[in-house]
Amino acid sequence: MKDEMLSTLAREARELSYCPYSSMAVGAALLGKSGKVYLGANIENASFTPTVCAERVAFFKAISEGEREFVKIAISGGPKGEPVRKSFAPCGVCRQVMREFCSGDFEIMLVGETIEKYTLEELFPASFSKENME
Ligand code: THU
């Protein structure tokens, strides 16, 4: 799948964000090795801490449907109802979840007016992972 297509899907996924508290609408489009794309949007909660980020929603949908290997993810976030201008980076918890299922070469695309590309190793170096549990 082309980067532009995955980026468009991430932008569109923002529209399903439930973010009445922060008004930050985030969308993610995750490409599995099977070729299937899993979309996610952030889901907030009045109690705040149960809030789940768009990236984790996409990962948990994929994992719970049996996908275990991943190619890349596109992430787009910004004020609800406005087109995204700046890049929006994944939080530390989402990086840790990515690391459980992805190696360092997993691609992370931050979709704003332009697309910034990183690897998981670049955004999450010297990470703790299942290799540390062996
Ligand atoms: N958020 C995400 O969806 N992904 C991230 O990686 C960082 C933060 C959401 C959580 C919350 O609903 C809003 O953005 C503001 O933090």
Side-chain angles (χ1 to χ4, degrees):
M1 163 155 313
K2 292 248 170 66
D3 289 352
E4 287 69 26
M5 181 60 167
L6 205 65
S7 302
T8 299
L9 291 172
R11 282 196 200 93
E12 288 175 359
R14 293 182 65 225
E15 285 162 28
L16 295 177
S17 160
Y18 175 75
C19 57
Y21 306 105
S22 75
S23 287
M24 292 299 284
V26 189
L30 172 64
L31 178 64
K33 283 245 169 86
S34 69
K36 199 168 164 191
V37 175
Y38 302 87
L39 302 180
N42 54 326
I43 304 170
E44 298 188 345
N45 190 282
S47 183
F48 291 7
T49 52
T51 293
V52 185
C53 296
E55 300 91 318
R56 269 177 290 151
V57 170
F59 263 92
F60 294 158
K61 280 170 73 177
I63 301 298
S64 63
E65 289 180 27
E67 188 90 50
R68 288 288 185 279
E69 293 182 89
F70 300 95
V71 182
K72 55 187 164 183
I73 190 169
I75 305 162
S76 191
K80 187 180 162 72
E82 293 174 28
V84 169
R85 284 175 285 108
K86 293 188 288 186
S87 62
F88 192 96
C91 80
V93 174
C94 289
R95 294 178 201 206
Q96 184 69 48
V97 168
M98 290 175 195
R99 186 66 189 88
E100 186 67 24
F101 299 99
C102 305
S103 49
D105 60 357
F106 178 66
E107 283 178 57
I108 300 171
M109 302 193 302
L110 309 185
V111 182
E113 276 173 349
T114 60
I115 301 174
E116 290 172 25
K117 288 195 211 179
Y118 299 94
T119 63
L120 182 57
E121 176 61 26
E122 285 171 329
L123 292 190
F124 201 46
S127 60
F128 175 77
S129 72
K130 56 191 169 202
E131 285 81 47
N132 298 108
M133 298 295 284
E134 287 165 359

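All ligand and atom numbering here is 1-based and tracks the order in the structure. It should be emphasised that the depicted structure is a prediction, and the values quoted were computed from it without experimental measurement.
The pair Arg99-Glu131 counts as a salt bridge, with a side-chain nitrogen and a carboxylate oxygen less than 4.0 angstrom apart.
Considering each of Ala89, Ser22, Ala54, the one bringing a non-hydrogen atom nearest atom 3 (O) of ligand 1 is Ala54. Comparing Glu44, Arg95, Met24 against atom 11 (C) of ligand 1, the shortest heavy-atom distance belongs to Glu44.
Taking atom 4 (N) of ligand 1 as the reference point, the nearest protein heavy-atom neighbour is Glu55 OE1, 2.8 Å. Among protein heavy atoms, atom 1 (N) of ligand 1 sits closest to Cys53 SG, 3.6 Å. Looking only at heavy atoms of the protein, atom 9 (C) of ligand 1 is closest to Asn42 ND2, 3.7 Å.
Of the protein's heavy atoms, at least one falls inside 4.0 Å of atom 14 (O) of ligand 1.
Taking 4.0 Å as the cut-off, Cys19 does not count as a neighbour of ligand 1 on heavy-atom distance. Between Phe88 and ligand 1 there is a heavy-atom distance shorter than 4.0 Å.
Lys86 NZ: 12 or fewer foreign heavy atoms inside a 6.0 Å radius. Within 6.0 Å of CZ on Arg85 lie no more than 12 heavy atoms contributed by other residues, nucleotides or ligands. Other residues, nucleotides and ligands contribute only 12 or fewer heavy atoms inside 6.0 Å of the CE atom of Met5.
With Tyr118 as the fixed residue, the side chain to side chain donor-acceptor pair (under 3.5 Å) test singles out one of Glu116, Glu122, Glu121: Glu116.
Of the N or O atoms in Thr51, none lie within a sub-3.5 Å distance of an N or O in ligand 1. Taking distance alone, with nitrogen or oxygen atoms compared against 3.5 Å, Cys91 approaches ligand 1 more closely than that limit.
For ligand 1 and Pro90, the ligand atoms under 4.0 Å from any heavy atom of the residue are 6 (O).
Cluster membership for Phe88 and Leu110, using ILVMFWY side-chain heavy atoms within less than 4.5 angstrom, is shared.
For Phe101 and Phe106, the ring centers are positioned 6.0 Å apart or more.
Using the six-membered ring where Trp is involved, Tyr21 and Phe48 have ring planes that are tilted, between 30° and 60° apart.
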